[in-house]
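Structure record follows, encoded as structure tokens.
Since the model is a prediction, treat every value here as computed from it, not as a measurement.
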Amino acid sequence: MGIANGIRKHAKKIAIGERHTSAWAQTLKKTAEELPPPPLHRLEKDGLDISMAWAIIGIFAILGLAAVYMMSLILIPITLAVVVGMILGMAAEKLSKMGVPRLANAVLLSSCVALVIFLLVNSLAGPLVAFANEAPDFAERTINRVMPYLERIEWLHITPATFESGPMSIGALIENTGNVLHVVTTSLTPALVQGMIFFAALLLFLASRVNLRKAIIMTFRTRTQRLAAIRVINGVEQVLGFYFATASLIYIGLGVVMTVIAYAGGLAAPVLWGFFAFLSSFIPYLGITLMTLAVAIAGILTYDSLFTGLMPAAAFFTVHLLMENLIFPAVMGRRLEINPFVVFLAILFWTWMWGAVGAMLALPLSLIVMTVIDELLIEEKPQPQLPK
């Protein structure tokens, strides 16, 4: 009986972590505890170390930008597919709540996007081909029409002889027109490849949208980080969906107004002018500038009087200005307010990187960055108290 009790006591001591130590070991431990902690020596960095660190960061940033530029053939359609998929996220969510399977949901939305693009390309193909065939005659008529106004500006030193020889002659312009058509023709194959990548990426993104959200959220370990990831993803989809749904309705109205202006102003193909007004409005600043210049040139070629020829351009610019500064802020409010200078720099940067598609993606990418910053870096924003 005594032996059993001794075994139990020894086992209990082992279970609770007791160990038999000698007096020398206890004295050594007590002495080590009484010693003062060693002084902490902070490693001081001089200006050269800081410069080296920033130089390394700059090198990797330059390499990253170079990779984005060199991989534009693949990154442009994939980025466009992700942005379009996020814009269609609200529609996909509603279809899922109605009982539509995910795969059917993705096929339906992708088919709708493909149908809209096909109809637009089909409607624009005829006028664009006709315009390309009439480009030499159009260039000659433009020069003859604008020449009287250019001769009045003495510091330009432009005379009729300027367009008879040299790089600004009619022959050179016709040759450049042929070069442009050649560039467009050679770029057709990469455009088709990018189109296939876009539709494949859009279909797969919409089909795996829910699983991709879960994978992104579960990559974070803590509950706070996962809640932040959920807020960011939901915020991005809501901002993009709300912005482009509202902007599309407003710009459709602008396209209808431009069609009426072009018809009343005697411009050819008024429906085409309305479509270009709708499309160019999604590119802030740059789109309205190019559209106004195009309408002004078309008006000058249509009418003999300069004042009458500029009336359609002035009317379009006024309507667009009222929509952007009165109707658009009234509908959007301050929810999607972005610094105009930041948007302008984003347009310049992405146009330089990816061309016309980059200019159209500049605003969505700016909205995504703005939403991420708003959700993660603004601590004063009240957060909902979720149950644990």
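- Considering only heavy atoms from C-beta on, F205 stays 4.5 Å or farther from I78 through its side chain.
- The backbone N or O of Y69 sits less than 3.5 Å from a side-chain atom of S72, completing a donor-acceptor pair.
- Atom CD1 of residue I56 and atom CH2 of residue W54 lie 12.5 Å apart, to the nearest 0.5 angstrom.
- Within 6.0 Å of atom CZ in F275, more than 12 heavy atoms from other residues, nucleotides or ligands are found, so the atom counts as buried in its surroundings.
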Exercise. Step by step, would you call V295 with I261 a side chain to side chain contact (heavy atoms under 4.5 Å, CB included)?
Worked result: CA-CA 10 Å; V295 176; I261 292 174; 5.9 Å; no
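- The nearest pair of heavy atoms linking I217 to R226 is O-CG, 3.4 Å.
- At least one donor-acceptor pair under 3.5 Å links the side chain of N234 to the backbone N or O of I230.
- Taking OG of S366 as the start and CG of L345 as the end, the distance is 9.5 Å to the nearest 0.5 Å.
- In this pair, Y251 and F282 present their aromatic rings perpendicular. The plane angle is above 60°, beyond the 30 to 60° band.
- Residues T302 and L267 come closest through the heavy atom pair OG1-CD2, 3.7 Å.
- No more than 12 heavy atoms of other residues, nucleotides or ligands lie within 6.0 Å of CZ in F317, so this atom counts as exposed by the packing criterion.
- L103 and V84 fall into different hydrophobic clusters, where Ile, Leu, Val, Met, Phe, Trp and Tyr are joined by side-chain heavy atoms under 4.5 Å apart, directly or via other members.
- Between M323 and I250, the closest heavy-atom pair is SD-O, 4.0 Å.
- For the pair Q238 and T371, the minimum side-chain heavy-atom distance is 4.5 Å or more.
- Checked by atom type and distance alone, the side chain of S280 pairs as donor or acceptor with a backbone atom of A277 at under 3.5 Å.
- Atom-to-atom distance recorded for Y285:OH and L363:CG is 9.5 Å, nearest 0.5 angstrom.
- Of the inter-residue distances, the one linking I347 atom CD1 with L365 atom CG reads 11.5 Å to the nearest 0.5 angstrom.
- Under a hydrophobic-cluster definition in which Ile, Leu, Val, Met, Phe, Trp and Tyr are linked whenever side-chain heavy atoms come within less than 4.5 Å, directly or via other members, F60 and M353 are assigned to different clusters.
- Cluster membership for V83 and I233, using ILVMFWY side-chain heavy atoms within less than 4.5 angstrom, is shared.
- Nearest approach of P270 to Y263, heavy atoms of both residues: CB-N, 3.7 Å.
- Note on L119: it does not cluster hydrophobically with L279, by side-chain heavy-atom contacts below 4.5 Å among ILVMFWY residues.
- Inter-residue side-chain proximity for L206 and N105 is flagged as unmet; no heavy-atom pair is nearer than 4.5 Å.
- At least one donor-acceptor pair under 3.5 Å links the side chain of T222 to the backbone N or O of Q225.
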Exercise. After noting the C-alpha distance and the side-chain angles of L290 and F276, does the key distance pass the side chain to side chain contact (heavy atoms under 4.5 Å, CB included) rule?
Worked result: CA-CA 10 Å; L290 296 177; F276 283 134; over 6 Å; no
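- The shortest side-chain heavy-atom distance between N211 and R102 falls under the 4.5 Å cut-off.
- Side-chain contact between I117 and F198 is present, with at least one heavy-atom pair separated by less than 4.5 Å.
- L321 and L254 fall within the same hydrophobic cluster, where Ile, Leu, Val, Met, Phe, Trp and Tyr residues are linked whenever their side-chain heavy atoms come under 4.5 Å apart, directly or through other members.
- Put simply, the side chain of L80 does not reach to within 4.5 Å of the side chain of W354, judged on heavy atoms.
- The local environment of CE in M311 is sparse, with at most 12 non-hydrogen atoms from other residues, nucleotides or ligands closer than 6.0 Å.
- Contact between V357 and I76 at its shortest, heavy atoms only, is CG1-CG2, 3.5 Å.
- Residue T308 holds its OG1 atom at 11.0 Å from CD1 of I300, rounded to the nearest 0.5 Å.
- A distance of 9.5 Å separates CG of L293 from CD1 of I288, quoted to the nearest 0.5 Å.
- Closest approach of I368 to M86, counting heavy atoms only: CD1-SD, 4.4 Å.
- Without hydrogens or angle criteria, Y303 side chain to G265 main chain gives a donor-acceptor distance under 3.5 Å.
- L95 has its side chain within reach of L108: a pair of non-hydrogen atoms, C-beta onward, lies under 4.5 Å apart.
- Side chains of W273 and M291 form a contact here, defined as non-hydrogen atoms less than 4.5 Å apart.
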